[in-house]
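Here's the structure, in structure tokens; my notes come after.
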Amino acid sequence: MATLQTIRNRGGLLVSIVIGLALVAFIVGDALSSGASIFNSSRNKVGEIAGESISIMDYQNKINRNEEMVKMMNGTSALNDEQQTMLRENTWQQMVMDIVMNREYDEVGITVSGDELYDMLLGDNMNPSVRQMFGNADPNQIRAYIKSLMDLPASNPQKAFWLNLEEQITTTRKQAKYNNLVAKALYTTDAQAEEMAESGAAKADISYIVKNYASIEDSTIQVSNDEIKSYYESHKKLFEQPESRKIVYVNFDVEASGEDFTETEKWVAKLISEFAETENPQEFVDLSSDKKFDAFYYKKSEITNDSLADFLFNTKNTVYGPYVEDNSYRISRVASRKMLPDSVRARHILIAPENNNYAQAKNVADSLAGLLKKGADFETLAKQFSADQNSAVNGGDLGWFGPRMMVQPFSDTAFFAKVRDIKVVLTQFGAHVIQVTDRAKPVEKIQIATIEKEIVPSQTTINKIYNEARSFAANVNNQADFDKSVSNFNLSKRIATLNKNDKNIAGMENARELVRQAYLASTPGDVILNNEGSNIFDSGNKFTVAILTDIQEEGVAPVNSVASTIKRELIRKKKAEILEKELQTAIGGSESLLSVAQKAGLDVKDASDISFNSFQIPGTGIEPKVIAFASLTEQGKISEPIAGNQGVYIIMVNNRTADEITPELLTQTKEGMEQSNQYRANYQAVQALLKNAEIKDTRYKFY
């Protein structure tokens, strides 16, 4: 029956379900990153969702629960930093969805009945996740197993997993019902489909001229502060911004010194004599080198270092080096020489382990190998016993493959075996019975034993660089001090805009602590301090000193921060007015577009098959206004000047055609519109709910 190990073996899909990803597959992360307390203290809040305060205790408890599930599914005892970060984000998204969507489900009356849940878990309409977990097991056995689980203590990991799965399947079912409900409200009528089809079927071939905005220098256009403020007041919606922080900073890179290079070279060079004499170069490498022994056999052309290749193929039992490669000092020698093919053709029978029992799988493989050696038919046994169904249908034949195309134990066995030999080998996939059926012509290949020592900064070097950073930061208490110190030390300062959940910034990896402290700082112009109260941040490969220069709160940006953007837009509009007047003058007395073009000093260009549904005009870019005019302007008539994105246009429609509106086209158009509605139901409706929930994400205070 389905043990915990069986769940692990079949549980790749289920990991994502456990941590709630199935709930948010259609949600854009930006919607979530924009936004029960302990003793009602704001210091212990990680955020607020739809007015509900989320305490660090509740959040961490959910993280711990999900972490245990993930570790159970993967059979690991701990998660690395990247996995922990992803888990925290997934847990937050899960909490957001649970709170926001459950309120919506209650509001519209969406539920999942007990009978409905049973049907999805153990009934005739079993959820694919459950079916995958149990494979082809008899449904009655599955039901009996689940009933036995329910009698176990709540702390039992398999019971906890099953209850979590029930919860996720229930939530996913509610979401599907909600999506269908919204989609049904966005019904597409036949009249709408016909109108859409007609707008796409009607096409125009046009000629046009365009006078680009770049033809007028920006410096010739005057924009007053009052104009900027007026535009800002009437377009505030355009200037909504997420929360962010701006900093200036300098980095002191922790890099190896000349002395570090010399010492590393000496360390490697001391091993040359012993390395040359050893009879077991693989063991010597594994004990001495920063990297383990590479068992792959290379032909000469596969070695990218030409000098190394010439040396190793032309000498025996001699060490090459020391030499520098990939920031390491290295010494290399030949570990083994063989005549090996570049490719082989083989067939196999794979016996997959049941319940991770590799010994049993190997026993079965050994038995099959014995039968083959006595004359049994390989193809027949492969079709009957092999778990690799892709090759089993071909009698186990894998075709031709190179040495890196298979996992190493399998590859080594196949490339070292003789044609027609029967071999058994274990890999992570199970036990394989292998027979090589053909080999390419052998060529000389070598195993290269390489001892390498990475060139890293010594503690002396690190201390020296830290002292430089400390000297720089010693008198830095504000931005004026910072700028003065930058000048005195002849450094280049960097500028960065930080989002609250950023982990890296330009030129600095592992910058999470700096980002967090930038958000905890309260006054622009202040030095950013780390947890220990120092103004020097240590990210492992550099020391950083930073100043908070601006705090940008979520909402409408202040006018001074968007003034340059507004000015550019107003300059464009004023240029459009000037160019419209110039082209309107050129139109006067002209009977053709060519005549207008000659007066304006422009070239006439052509574009064909422009419809109301067109995305852009070939050769000029995205110009929705021009496309609209092309759909409406009378054929043969010169249009009025049109202020577009790139410049001011004048067009003339030369010819109009219309594709036939067939029943098939109407059906296709309607289906496309309904698919668009389904997308809106799955995405935009939830986006609206998230925005309305006014999510406040303050996890940066803790992580």
Side-chain angles (χ1 to χ4, degrees), residues 14-25 27 29-73 78-79 81-107 110-112 153-157 159-172 174-175 243 499-501 503 512-513 515-516 519-520 531 554 686 689-703:
L14 301 177
V15 174
S16 61
I17 294 176
V18 170
I19 60 177
L21 289 180
L23 305 179
V24 294
I27 301 300
D30 289 345
L32 298 180
S33 62
S34 65
S37 67
I38 307 172
F39 309 121
N40 290 322
S41 172
S42 61
R43 291 186 306 167
N44 297 304
K45 285 172 53 176
V46 294
E48 189 174 294
I49 304 170
E52 181 175 331
S53 180
I54 309 299
S55 73
I56 181 62
M57 180 180 292
D58 289 342
Y59 179 53
Q60 189 60 51
N61 284 341
K62 289 184 181 293
I63 290 174
N64 294 342
R65 174 190 173 193
N66 288 341
E67 182 178 356
E68 291 306 312
M69 288 292 174
V70 173
K71 289 192 295 188
M72 182 188 76
M73 292 302 304
L79 304 183
D81 290 343
E82 183 178 353
Q83 291 169 328
Q84 287 280 4
T85 299
M86 184 180 296
L87 184 68
R88 285 196 294 267
E89 184 60 27
N90 290 335
T91 301
W92 176 254
Q93 293 180 4
Q94 180 186 4
M95 294 180 73
V96 168
M97 291 298 295
D98 284 347
I99 293 171
V100 173
M101 295 310 300
N102 282 335
R103 291 188 180 190
E104 185 71 2
Y105 300 149
D106 291 342
E107 182 72 20
I110 290 177
T111 61
V112 175
S155 59
N156 180 273
K159 180 177 181 178
F161 172 83
W162 179 258
L163 293 176
N164 190 76
L165 181 60
E166 284 188 12
E167 179 183 336
Q168 303 307 329
I169 289 175
T170 300
T171 303
T172 303
K174 288 180 180 179
Q175 183 67 62
E243 184 180 13
N499 294 316
K500 57 189 172 187
N501 292 320
K503 294 180 284 295
R512 182 61 203 154
E513 181 60 17
V515 174
R516 199 173 77 85
Y519 270 82
L520 293 175
N531 270 331
E554 183 176 5
V686 176
L689 291 173
L690 291 174
K691 185 174 182 180
N692 189 57
E694 297 183 348
I695 298 162
K696 298 178 182 178
D697 180 0
T698 54
R699 290 176 293 153
Y700 65 83
K701 295 180 180 179
F702 302 90
Y703 302 97

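- In this structure, the side chain of Asn164 does not engage the main chain of Ala160 through any donor-acceptor pair within 3.5 Å.
- Asn102 contributes a side-chain N or O that, together with a main-chain N or O of Asp98, makes up a donor-acceptor pair within less than 3.5 Å.
- Ionic pairing of Arg512 and Glu82 is not present here: no N-O contact between side-chain nitrogen and carboxylate oxygen is shorter than 4.0 angstrom.
- By the 4.0 Å N-to-carboxylate-O rule, Glu554 lies too far from Lys500 to be salt-bridged with it.
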### Task
Check the pair Ile56, Lys45 against side chain to side chain contact (heavy atoms under 4.5 Å, CB included), reporting the backbone distance first and the verdict last.
CA-CA 6 Å; Ile56 181 62; Lys45 285 172 53 176; over 6 Å; no

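- Nearest heavy-atom pair across Met95 and Tyr59 is SD-CD1, 3.5 Å.
- Under a 4.0 Å N-O distance rule, the pair Glu89/Arg699 qualifies as a salt bridge.
- Ile54 places a side-chain heavy atom less than 4.5 Å from the side chain of Ile99.
- Taking all atoms of both residues into account, the shortest heavy-atom contact from Tyr703 to Ile63 is OH-CD1, 4.0 Å.
- Side-chain atoms of Thr698 come within 3.5 Å of backbone atoms of Val46 as a donor-acceptor pair (strictly under, hydrogens ignored).
- Contact between Pro153 and Lys159 at its shortest, heavy atoms only, is O-CD, 3.5 Å.
- Partners of Glu104 according to the salt bridge (Lys or Arg N to Asp or Glu O under 4.0 Å) rule, which considers only residues two or more places apart in sequence or in another chain, do not exist here.
- Going from atom CG of Asn61 over to atom OG of Ser55 covers 7.5 Å, rounded to the nearest 0.5 Å.
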### Task
May I have the step-by-step check of side chain to side chain contact (heavy atoms under 4.5 Å, CB included) for Gln94 and Gln168, ending in yes or no?
CA-CA 10 Å; Gln94 180 186 4; Gln168 303 307 329; 3.5 Å; yes

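- Side-chain contact annotation: Asn66 with Thr91, donor-acceptor N/O pair under 3.5 Å present.
- Here the CH2 atom belonging to Trp92 is positioned 12.0 Å from the NZ atom belonging to Lys62, to the nearest 0.5 angstrom.
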#### Entry: Verdict with reasoning, Tyr105 to Gln175, per side-chain hydrogen bond (donor to acceptor under 3.5 Å, both in side chains)
CA-CA 9 Å; Tyr105 300 149; Gln175 183 67 62; 3.0 Å; yes

#### Entry: Candidate pair Arg103 and Glu52, rule salt bridge (charged side-chain N to carboxylate O under 4.0 Å, His left out), full reasoning
CA-CA 11 Å; Arg103 291 188 180 190; Glu52 181 175 331; 3.5 Å; yes

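- Between the side chains of Glu67 and Gln83, no donor N or O sits under 3.5 Å from an acceptor N or O.
- Side-chain contact between Val112 and Thr171 is absent, with no heavy atoms from C-beta onward closer than 4.5 Å.
- In terms of the side-chain hydrogen bond (donor to acceptor under 3.5 Å, both in side chains) criterion, Asp106 has no residue partners (sequence neighbours excluded).
- Residues passing the salt bridge (Lys or Arg N to Asp or Glu O under 4.0 Å) test with Glu68, sequence neighbours excluded: Lys71.
- Expressed to the nearest 0.5 Å, how far CD of Glu243 lies from NZ of Lys696 amounts to 11.0 Å.
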### Message
Pair Val96, Asp697 - check side chain to side chain contact (heavy atoms under 4.5 Å, CB included), show working.
### Response
CA-CA 10 Å; Val96 168; Asp697 180 0; over 6 Å; no

### Message
side chain to side chain contact (heavy atoms under 4.5 Å, CB included) for Met97 and Ile49? Distances and angles first, verdict last.
### Response
CA-CA 9 Å; Met97 291 298 295; Ile49 304 170; over 6 Å; no

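- Atoms CG and OG1, from Asp81 and Thr85 in turn, are 6.5 Å apart once rounded to the nearest 0.5 Å.
- Under the 30°/60° scheme for interplanar angles, the aromatic rings of Tyr519 and Tyr700 are found to be tilted.
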